[in-house]
Amino acid sequence: MKHFPLIEQYGLIGDMRTAAHVRDNGSIDWLCLPRFDSGAFFARLVGEKKHGSWRLAPVSASERDTNTAAQRRYVGDSAVLESVWETPTGAVRVTDFMPPGDGGPRVVRIVEGVAGQVQMVSTMRPRPGYGRVTPWIHRVGERVVAEAGADALWLDAGAEQTVRDGVIVSSFPVAAGQSVAFVLSWASSHRRPPERIEPQSALTATLGSWEEWAGQCTYDGPHRDAVVRSLITLKQLVYAPSGGMVAAPSSSLPEAIGLTMNYDYRYGWLRDSATVVAALLEAGYQEEAEGWRRWLLRSVAGDPEQLQILYSVTGEREVPERVLDWLPGYEGSVPVRVGNAAAKQLQLDVYGDVFEALYLAHQSGVPHCKDTAVLHQQLVQHLIKNWQEPDEGIWEIRGQRRHFVHSKVMAWAAVNRTIRLAEAGALDVDLFELVEVREAIHREVCLEGFDPVRNTFTQSYGSQELDAALLLIPLTGFLPPDDPRVIGTVAAVQRELTSPEGFVYRYVTADGRTGVSGFAGHEGAFLLCSFWLVDTLAVSGRLEEAHSLFERLLALRNDLGLLAEEYDPKVGRQLGNFPQAFSHKALVRSAVLLHRLSASTAPNLPVPVMPRPASSPEQDARSLAAAPLV
């Protein structure tokens with residue numbers, strides 16, 4: 001019977017251009033080169049051994065695929081991964097990292113003897129084209145190179161290398177105090193070979209770079225280690241040359257084992273990247289916000305009516321979705337997809353997230369950008385014309401468009417943030433028109449999106465279904481957290497969309513019911529939504545419950561502090577693409593909010609809790625106009 005590793009058995013190393021998934025048995029099972037959305041040279045993550053991997057481990061461990069390292073950790077506040085193996089003859093340490101820089105991507109693996117002597121083996125099976133192509137592997141002097149089309153992988157090793165049947169193998173002993181290094185470098189096959197690097201010097205520089213960056217974090221609360229690890233993970237998902245960010249560095253890790261909800265997340269969603277920017281800003285980072293803002297300008301280009309909800313990491317619009325039918329998928333979950341057809345969807349909520357990020361950038365002191373201001377003005381005019389349209393919503397349904405309540409609430413938030421920026425002198429817009437639109441959206445949502453019988457907002461106009469995204473209603477300032485309609489909605493979500501542990505599902509799909517996405521089956525609890533519940537409980541004054549749920553969510557991280565998109569409480573495992581930007585940005589924002597509220601008094605709450613006098617929805621909106629998203 002074939003053994004499949006759990007998603008949480010992987011760690012991540014990256015260089016802000018691409019990233020590698022390193023399993024706890026010493027195998028790199030996913031690596032796309034030269035950038036996140038390029039073809040994978042190692043695709044075993046969603047395939048089999050023959051689809052490419054690189055394992056470096058003691059011989060005794062390599063005899064069985066399931067043998068894992070005794071210990072592993074990230075070195076300090078860095079993306080350098082360290083694994084320690086203990087064998088009957090001794091102990092050995094393997095350090096994996098990808099040096100950031102301007103040259104081609106590299107993976108460095110350093111083997112160090114800790115005690116006794118250990119026989120090691122490196123087994124590399126490069127298979128470009130997501131495991132479909134067997135490259136031409138040959139020697140160039142002391143180096144081994146694997147070439148296929150435009151790509152070449154150069155392997156420099158401190159041990160003898162042999163090539164057998166498309167596999168590069170090195171078997172060697174390492175004693176206490178000795179070290180052997182491997183450096184894998186990508187280059188264009190038609191250009192000159194990449195220069196060799198000194199592995200130890202590269203390690204020192206990489207550690208120093210990460211420690212310096214992590215040291216800029218301004219969060220000083222009780223969960224600093226978890227927050228910094230999440231920030232480092234988010235930083236690894238930035239494509240440094242352009243400032244774009246991927247939602248996750250993997251493709252087609254399933255949201256439900258054995259079923260079809262397997263998508264490619266190696267692209268820059270406006271929603272995901274904007275919320276990551278917001279989390280980074282709240283932790284004291286501005287450079288990433290400036291880089292993302294430039295990426296946004298280039299990606300959206302000259303016509304806001306041609307806005308897409310996602311782009312490639314360098315802003316390309318065409319990311320056609322296709323199926324890789326030669327890959328069997330993670331635990332048989334097919335199809336394996338690359339590209340993403342959601343690029344052509346209409347998702348009105350993205351305006352709220354983008355404008356929130358721009359607002360926070362302004363509040364954080366990021367220098368004003370005239371070009372971004374012009375783009376903002378154009379986008380808000382486009383939103384004014386289209387907010388009444390149905391859309392595919394945050395969950396990217398692949399069926400008929402609907403009037404999603406969350407989409408309308410975020411459209412309200414977008415207009416509200418625009419008003420705040422205009423009042424601060426950062427935008428030149430017609431305030432009278434914007435206030436009218438803000439009030440019209442609020443009036444419509446409260447009329448069409450609320451079920452007075454059940455005392456809850458609903459997923460879409462006229463629907464009886466619930467949606468976890470409704471938890472954002474008090475977090476945007478659309479209504480105060482003590483509004484009876486908000487209280488009823490939160491109670492309904494907790495009653496109908498949570499597991500016994502309090503983890504939140506996006507919508508109901510269990511018991512044979514088909515959710516809004518058209519998917520019938522049991523998916524995991526959505527971690528982003530679970531952190532939303534933490535935030536909603538916190539701003540509602542239910543801090544003890546919020547802290548308790550936050551601690552339970554922290555316990556779901558793997559041993560390296562990483563989170564996927566979902567968690568299945570029924571079987572106790574992570575699901576979905578990994579690691580997930582949504583999950584880690586939500587962890588950061590919840591930690592910051594809880595620390596802020598725990599250290600403050602009620603008047604300083606980011607979303608005020610106030611007695612509600614008799615007032616209209618429009619008056620509610622005006623009274624909370626300055627409340628920030630969290």
Side-chain angles (χ1 to χ4, degrees), residues 346-353 355 380 382-395 397 400-419 431-493 495-497 506-508 516 532 536 539-540 607-608 610-627 629:
L346 174 65
Q347 297 177 17
L348 294 171
D349 64 293
V350 302
Y351 292 90
D353 290 314
F355 293 176
V380 78
H382 184 66
L383 177 61
I384 288 171
K385 295 177 185 177
N386 291 279
W387 73 265
Q388 292 176 298
E389 296 294 322
D391 71 343
E392 279 88 359
I394 186 174
W395 308 130
I397 64 169
Q400 185 176 357
R401 290 177 175 177
R402 304 185 188 186
H403 291 282
F404 287 103
V405 170
H406 171 258
S407 294
K408 308 300 185 185
V409 169
M410 294 306 292
W412 177 92
V415 176
N416 188 48
R417 276 292 169 257
T418 305
I419 292 172
L431 277 175
F432 180 79
E433 178 187 33
L434 288 173
V435 170
E436 283 194 329
V437 171
R438 184 178 67 187
E439 294 180 356
I441 298 173
H442 201 286
R443 184 167 50 246
E444 181 180 289
V445 170
C446 291
L447 179 65
E448 301 292 343
F450 183 75
D451 182 348
V453 176
R454 297 169 64 205
N455 189 33
T456 181
F457 284 94
T458 59
Q459 186 175 69
S460 59
Y461 291 177
S463 169
Q464 294 297 305
E465 299 295 328
L466 287 176
D467 193 313
L470 299 171
L471 292 170
L472 287 175
I473 288 174
L475 301 176
T476 59
F478 184 86
L479 285 174
D482 66 339
D483 186 292
R485 293 163 291 185
V486 171
I487 294 172
T489 300
V490 174
V493 169
R495 182 175 61 250
E496 300 182 30
L497 292 183
R506 292 185 289 180
Y507 39 73
V508 176
V516 68
W532 284 344
T536 301
V539 300
S540 300
V607 181
M610 61 187 73
R612 292 193 67 258
S615 61
S616 68
E618 293 79 7
Q619 290 171 324
D620 285 337
R622 285 193 293 271
S623 69
L624 290 167
L629 293 166

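Annotation for Pro474 and Val486: closest pair CG-CG1, 3.8 Å, computed over non-hydrogen atoms. Shortest non-hydrogen contact noted between Leu475 and Val539 is CD2-CG2, 3.8 Å. For Val445 against Lys408, the heavy-atom pair with the smallest separation is CG2-CB, 3.4 Å. Between Arg401 and Pro390 the shortest heavy-atom distance is CD-O, 3.6 Å. Nearest heavy atom pair, residue Thr456 against residue Leu466, reads OG1-CD2, 3.4 Å. Of all non-hydrogen atoms in Tyr351 and His382, the two that sit nearest each other are OH-CD2, 2.9 Å.
Taking the six-membered ring where tryptophan is involved, the planes of Tyr461 and His403 are essentially parallel, since the angle between them stays under 30° and well short of 60°. Taking the six-membered ring for Trp and thresholds of 30 and 60 degrees, His442 and Phe478 have nearly parallel ring planes, at less than 30 degrees apart.
Note that CG of Leu383 is 11.5 Å distant from CD of Glu389, once rounded to the nearest 0.5 Å. One finds the CH2 atom of Trp532 at 11.5 Å from the CD1 atom of Ile473 (value rounded to the nearest 0.5 Å). Between atom CG of residue Leu471 and atom OG1 of residue Thr536 there is a gap of 4.5 Å, rounded to the nearest 0.5 Å. Within the model, atoms CG of Leu479 and CZ of Phe450 stand 9.5 Å from one another, a figure rounded to the nearest 0.5 Å. Note that CD of Gln459 is 8.0 Å distant from CG of Leu470, once rounded to the nearest 0.5 Å. Here the CG-CG distance, from Asn386 to Asp391, works out to 10.5 Å after rounding to the nearest 0.5 Å.
Between Asp467 and His406, every side-chain heavy-atom pair lies at or beyond the 4.5 Å cut-off. Under the 4.5 Å side-chain criterion, counting only non-hydrogen atoms from C-beta, Leu472 is not in contact with Val409. Proximity of Ile397 to Phe404: side-chain heavy atoms (C-beta onward) are separated by under 4.5 Å at one or more points.
A salt bridge between Arg402 and Glu465 is absent, with no side-chain N of the basic residue lying under 4.0 Å from a carboxylate O of the acidic one.
Glu392 places a side-chain N or O within donor-acceptor distance of the main-chain N or O of Leu346, the cut-off being under 3.5 Å. In this structure, Ser407 contributes its side chain and Leu348 its backbone to no donor-acceptor pair below 3.5 Å. Checked by atom type and distance alone, the side chain of Asn416 never pairs as donor or acceptor with a backbone atom of Trp412 at under 3.5 Å.
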- request: Go through the steps to decide whether Val415 and Trp387 satisfy the test side chain to side chain contact (heavy atoms under 4.5 Å, CB included), and finish with yes or no.
  value: CA-CA 10 Å; Val415 176; Trp387 73 265; over 6 Å; no
